[in-house]
Amino acid sequence: MPEPLIFEKSSPERKGYLFSDLDVPISIDSIPPDALREDLLLPELSELDVVRHFTRLSQENFSIDTHFYPLGSCTMKYNPKIHDELASLPGFTDLHPFQPENQIQGALETMFELQNLLAEITGMDAVSLEPAAGAHGEFTGLLMIQAYFKEKNELRHKVIVPDSSHGTNPATAAMAGYQVVQVPSNSKGGVDLEALKQSLSEDVAALMLTNPNTLGLFDENILEISRLVHEKGGILYYDGANLNPILGIARPGDFGFDVVHVNLHKTFTIPHGGGGPGAGPVGVKEILKPYLPVPIVKKRTESAADWYYLDHNCPKSIGRIKAYYGNFLHLVRGLAYILSQGAFGLKKIAELSVLNANYLKEILKKYYDLPYDRICQHEFVLSAKKQKEHGVKASDIAKRLLDYGFHPPTVYFPLIVEEALMIEPTETESKEMLDKFTAAMIQIADESEKNPSLVKGAPYSTPISRVDEVMAARKPNLCWC
Ligand SMILES: *Cc1c(COP(=O)(O)O)cnc(C)c1O
């Protein structure tokens with residue numbers, strides 16, 4: 001039985017609580033008449049009704065705390081609860097953004113430490129914590145690139161993205177006013193070097209790249225790519241939304257990247273999904289440092305005690321790109337994660353996320369088509385091509401997985417794989433859970449052959465089955481977070 005709508009549970013005159021009588025005169029004269037209404041349809045329930053309603057609704061959902069959630073590219077890993085506890089400390093939550101520096105030394109130190117650790121992890125020279133999400137970090141990065149070329153008096157109006165790139169890359173480049181040039185992938189899933197050479201010119205401001213890319217594959221030509229881009233005076237942008245597989249092992253800065261954003265709400269375990277607040281810090285090499293957004297947290301060491309301050313005095317800065325200083329409590333969570341893991345833990349995360357993904361891939365490739373059969377990084381992309389011969393699409397498999405108690409993988413992305421199923425287990429899952437997942441996927445492969453209509457009618461176990469298939473047929477079930 002699905003939970004009814006809150007309006008269906010409403011009962012006239014039932015109340016959650018009572019207001020006491022007004023002890024001030026009622027004056028509606030100051031409200032314009034057309035803003036007044038006679039009645040307002042609101043549900044009427046007791047507090048207990050409301051609590052049960054929303055608790056039940058929350059239980060009808062899938063979450064990382066209740067289900068395995070292999071949503072490729074989105075890195076739905078476990079979010080340790082201690083981070084929330086730390087971010088809930090009154091010393092952090094009771095701060096006001098306009099408090100004077102001498103009262104917020106702890107908050108500034110938190111930000112300063114995180115800036116430095118992220119710079120070290122990514123191999124960059126400086127970091128801004130301001131951007132509120134991955135795409136916002138990309139936009140910040142491109143604005144800095146623009147400012148850099150403007151100062152050099154170079155008119156560069158193109159940004160290159162590979163055809164496997166995350167959708168935000170071309171979208172950000174277009175929003176920043178660039179002409180987007182796409183380069184194809186080669187047979188190994190990396191950037192086609194010949195095509196890249198053809199596209200590169202003095203018009204190109206930047207190449208935006210994810211490595212490992214959205215196929216979960218590491219581009220072994222990265223040093224050559226870096227050389228080619230820099231030879232033409234271009235900037236190399238690293239989309240580090242998902243840093244999981246290289247944490248503590250390799251650094252974008254060492255590959256030759258000049259600017260990088262990271263998603264704290266993926267790699268660094270900040271709860272996300274549902275569009276909630278994120279954090280997309282951006283790091284730069286020395287050449288782009290003058291253009292970082294203001295303010296930057298700095299430390300003065302000449303006095304007896306360390307002193308942290310917000311530096312607004314950066315004449316070449318692109319300015320402020322978000323109110324205040326980023327999503328501060330997320331920065332606390334990110335720092336808590338890095339410090340609790342330490343250098344050893346971060347490296348272990350990378351190794352286990354790669355091991356888990358390869359474990360799943362090796363089992364599942366016997367049942368599903370694997371277009372790029374190589375060692376993968378933190379994720380891999382299957383194709384439901386074989387199942388499609390029986391009329392079963394990737395979206396059907398995704399919906400059938402719900403019946404087995406799994407959140408579906410990302411589907412129909414990246415766009416270069418037909419009927420794509422993009423699976424990212426993350427390092428936080430146990431072998432037992434991975435085995436349950438492969439068992440379900442194998443079962444669905446079998447059902448697709450023997451009883452395709454069963455899969456095509458799924459899900460059967462959820463309160464609501466297929467919501468709007470007409471819409472879904474027009475618009476693939478894209479899920480990027
Ligand atoms: C998630 C993701 C982004 C976008 O991040 P948002 O925080 O959702 O804006 C960009 N690139 C890649 C590779 C991603 O996985």
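These numbers come from the heavy atoms of this one structure, side chains and all, not from hydrogens, waters or symmetry mates. First listed ligand is number 1; within each ligand, the first listed atom is number 1.
Heavy atoms of Glu138 found under 4.0 angstrom from ligand 1 belong exclusively to the side chain. Contacts between Ala135 and ligand 1, counted as non-hydrogen atom pairs separated by less than 4.0 Å, involve both the backbone and the side chain. Heavy atoms of Asn263 found under 4.0 angstrom from ligand 1 belong exclusively to the side chain. Counting heavy atoms closer than 4.0 Å to ligand 1, residue Asp239 contributes side-chain atoms (C-beta onward) but none from N, CA, C or O.
Between the side chains of Thr210 and His166, no donor-acceptor pair of N or O atoms lies under 3.5 Å. For Glu130 and Tyr324, the side-chain atoms include no donor-acceptor pair closer than 3.5 Å.
Using a 4.0 angstrom heavy-atom cutoff, His272 does not count as in contact with ligand 1.
For ligand 1, the atoms lying closer than 4.0 Å to a non-hydrogen atom of Thr168 are 3 (C), 4 (C), 10 (C), 11 (N). Ligand 1 places these atoms under 4.0 Å from at least one heavy atom of His265: 7 (O). Residue Ala133 has at least one heavy-atom neighbour below 4.0 Å for each of these atoms of ligand 1: 7 (O), 9 (O).
Sorted by first and then second residue, the pairs that involve residues 180-231 and meet ring pair (Phe, Tyr, Trp, His ring centres under 6.0 Å), not counting sequence neighbours, are Phe218-Phe255.
In terms of N/O distances under 3.5 Å, ligand 1 is approached by Ser73. For ligand 1, none of its N or O atoms has an N or O atom of Asn242 under 3.5 Å away. Backbone and side-chain nitrogen or oxygen atoms of Lys266 are examined, and one is located within less than 3.5 angstrom of a nitrogen or oxygen of ligand 1. Of the N or O atoms in Gly134, one or more lie within a sub-3.5 Å distance of an N or O in ligand 1.
In terms of the salt bridge (Lys or Arg N to Asp or Glu O under 4.0 Å) criterion, Lys366 has no residue partners (sequence neighbours excluded).
With Glu419 as the fixed residue, the salt bridge (Lys or Arg N to Asp or Glu O under 4.0 Å) test singles out one of Lys386, Lys385, Lys388: Lys388.
For the atom pair Asp311 CG and Ser317 OG, the distance stands at 9.5 Å (nearest 0.5 Å).
Aromatic ring centres of Tyr69 and Phe62 lie farther apart than the 6.0 Å criterion allows.
Panel note: side chain Asn186, backbone Gly190; a donor-acceptor pair is recorded below 3.5 Å.
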